[in-house]
Every structure is written in C-alpha cells, then in structure tokens.
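Okay, so here's the structure we're looking at.
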Amino acid sequence: MSIGYACRTVGVPYTDLKSCTLKNANGANLYKLIDHNLSALENIIDYNIINNVKLFRIGSDLIPFGSSSVNNILWGELFAEKFLKIGEKIKESKMRVSMHPGQYTVLNSPDEGIVKRAIQDLNYHTQVLECLGVGQEHKIVLHIGGVYNDKKVASQRFITHYHYLDESVKRRLVIENDDKSYTIDNVLEIGIALNTPVIFDNLHHAINAYDKEKSDDDWIKVCKKTWQKKDGNQKIHYSQQDPLKKIGSHSHTIRIDEFIRFYEGIETEKLDIMLEVKDKNLSAVKCINATNKDKKIQTLEMEWGKYKYTVLESSPSDYLEIRKLLTNKSDYPVISFYNLIESALQKECTARNTINAALHIWGYFKNIAEDKEKNRFLKSIEDYKQEKTSVRTIKNNLWKMSIKYQQPYLLGSYYFVL
DNA sequence: TGACGTCAAGATCCG
DNA sequence: CGGATCTTGACGTCA
C-alpha cells in the first residue's frame, strides 16, 4: 500500500519546474528548461526516497511543449543519461510514478486535429516514462473526454480512437471517472470493453455519480477487477472538497479524521492512493505517518520541527498543546498531533502572533547578522505593524537569511511556504 | 464569447 | 533597480 502526491512539492528547495511561453519556445531555451526540470525532478525523487513516499505523479510540464512540434529538440537522446539516472533511483527505491495529461487532452473528440494532438500528447507522456526505463505498472491516467450530446456515441468513439494508439501507450493507459461527464460506471463499461484498468476518484464520484447505492468500497472492489498483475497494484485517486470553494475544488490539506474514516472503510492491502490536494507532499507525509505500522515518536518530532513556526504564528496555545502532546516518548499520538496542526493552521494569524513568530526566527540570526540585515529586518517588522507591507516581505527576507547563513532547521521549515 | 483549472511567465507597479 | 503584485498564457468543451 502506497500513498503519494501529484506533480510538485511544497517547501522543498530546488524542486520547481520551469516553463516558457510559446513565443520563447526555441531550442536553446527549451534545452535549458529541460535540463533544469530534470534536475528538479531528481530532487523531488530524492525527497520522496528520504521521506518514504512511494507514489508520485510526474508533472506533464516536465518537458515544456513536449507534445508540440515547436519542441523539435531530441530531448530523449540529449538527456538520456539524466533520465536513466532518475529512473534507476525510482526503481531502486521501489517507487511508483505516473503521469496524467490534463483536461485538454481529448481522445474522443469528433475533431480529427484534436484527436491527433491527443495521440501526440499520449506519445509524449509514454516517451517520458520510457526514457526513465520504468515498467508498465507506471501508468498514464486519462479522462474519457467530451460528451457532444450523446454519451453512448462519444464512449464508442473513445474505444475506436483507443485502437489508434501505439502498443507502448496502451500498455500504460488507465482511465478515470470525471466530475462532470463520465461516471464510474460509464468508465468501467469502456475499461471492460478495452481491457484497460479503471481508476476510481472518490471526489469526482461524490459529485458525479450515476447512482449512490454502492459505497466507495463497493466501487473500488468493482474497479479492482480491471487491474491485472502486469498493471501493478490497483490505484485510486483520493481528494476532499474545499469547504469554502466551489464544488469539486480540492481542499488545501487532507483532513486526517476524514481520511482515516475513508481508509478504514476500504480494503487497502494492495491499493495505491494518489492524493490530489493543494499542500501536496505535506498531506502525503501526513497520511503515510497516520497509517504507518512503524510508530516512532521521532517521526512526529521531525514533522513538528517543520510545522512549529507556522503553528506558533497561527496559535500559540496550540503550539503549547502540541509540545505537551510530544513529551511522552513511548507514545505515538499521530491523529491528535495532526488534528492540532490542522486546527492551528485554520486560525487567523493576529499581527501580534505574526511578529512573535518572526522574532523567534530572527533569533537564529541576531548574533550573526550584519547591521544592514538587522536594519532591514527591523524595518520590515515596523512596516508590517503600520500595515505598509504584508507578512510575505518579512518571510521572504528571513528566507534569504536562512539560505545565506545555511540554517538547515529553517530551510526545512514550512513557515516560509504556508 | 467567456468560464472552467492551473501555476509559472511575463508585465506592471511601487518605493 | 529589486521586489511585490497583477495579468496572461495554453489547452478543449460547454453553456
């Protein structure tokens, strides 16, 4: 059983993917971007290995304009070694990766040109995974596409167009229910016809279900039958509704109580769970720690080190509460721990608490900072008090100091990104 | 024709 | 001039 996250990290230095606009997409630029992005991907994979994350979705923008003819450089060959090095790390650590073309890759379109581009896009995604040298259990997830006033005809067209795909693409392709058009039973019908694995997405299903007679667990069991041994473990997507945003919007973080309720209601033995959530790796690590059989307080102490200053600026009372929670070294109060962090992070930061936390961070530098740096920090605090600047300015300033003076504890802190 | 979703690039504004 | 903040881009479907 693995739990993972999609595309990018939060709070992990040197893991951002870069891109460019169409008009700047020339060979020299693209070469630099790809080189940078592959290094970033390697850093993400390294982070995953260190943090015991065994499931990860590689972002489609790894190769900018990867499926477009404007990108005509032979990136597969030019970066072959870099790809293979990353692929080796993935295989060695038994990580499973995947890719997921976006909502604009539509295989079942009645428009020939759009179908052609969709096929090119699927070829591109396949090529990335092949360059890494990873097996066919490393999947490409696709939605069915548009309805065009007749879902039966449109489903049939998906099946017809599927047969245009290269064997290497078909081997990896899996299909998923969406939040507007194709319900899980629609997708299963196509999946069974094509002998293609089906991904169950719980939030899409909650919004767009043919009938709600069956539970999530029931549907997961039905989908399981579409996964064969060669496909690897069954995969599902899991996300939660953001309570403040419109229907279908992913939550900022995975609420741990709600996740555990879901987790305990399904058969997880041979199941991989891809989380779709704004805070990415933070929620993945949270859910991994909450379901881990290896219950060590050190795991929570490390997590606390990353969250503590964010908690301090949101809620000093929760800060004290969590410290108390972690005093018994033989305990593993993982659920209470994350509940307290979630509750703290929901609270509005008062100006007083914001400044208090900033001064705590400043404590790392006050004896080593140059006068110029000290003045800049004090000025940012003054400006903030007078509402002339946002807390961003203070944090960006302190972040630069953390890099300059190489404070490892601060470089891993979520204070700068949450 | 614009909303939808996503997030970095690119543009512009500010001190 | 550097940094913060706002706007655009790139894609296809649907109302």
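Below, chain A is the first sequence line, B the second, and so on; all start at residue 1.
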Closest to the 5' end of DNA chain B, once S19(A) and I247(A) are matched to their nearest nucleotides, is I247(A)

Contact class for [X] vs. all strands (heavy atom < 4.0 Å): base, sugar-phosphate, or nothing?
X       : answer
K180(A) : nothing
D61(A)  : nothing
K379(A) : nothing
S181(A) : nothing
K245(A) : nothing
S249(A) : nothing

OP1 or OP2 of dT6(B) less than 4.0 angstrom from a side-chain nitrogen or oxygen of K278(A), does that happen here?
-> yes

So what is the end-to-end bend of the helix from dT1(B)-dA15(C) to dG15(B)-dC1(C), with 5 pairs used at each end and the value given to 10 degrees?
->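 End axes: 70° apart.
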
Rounded to whole angstrom units, what separation is found between the [atom1] atom of [X] and the [atom2] atom of [N]?
X       : N       : atom1 : atom2 : answer
H143(A) : dT6(B)  : NE2   : P     : 11 Å
K23(A)  : dA8(B)  : NZ    : P     : 18 Å
H252(A) : dT6(B)  : NE2   : P     : 13 Å
L33(A)  : dG10(B) : CG    : C1'   : 14 Å

Positions of residues 95-111 of chain A (non-hydrogen atom under 4.0 Å from DNA chain C), listed by number | Y104(A), V106(A), S109(A)

Less than 6.0 Å separating the ring centroids of F79(A) and Y31(A)?
-> yes

Are H250(A) and H237(A) close enough that their ring centers fall under 6.0 Å?
-> no

For Y148(A) and for L22(A), find the nucleotide of DNA chain C with the closest heavy atom, then tell me which residue's nucleotide is more 5'.
-> L22(A)

On DNA chain C, which is the earliest and which the latest nucleotide, 5' to 3', with an atom closer than 4.0 Å to a heavy atom of chain A?
->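 First-to-last contact on DNA chain C, by the 4.0 Å heavy-atom rule, is dG3(C) to dC14(C).
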
Mark yes when over 12 heavy atoms from residues, nucleotides or ligands other than R352(A) sit less than 6.0 Å from its CZ; otherwise mark no.
->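 Count not over threshold, so no.
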
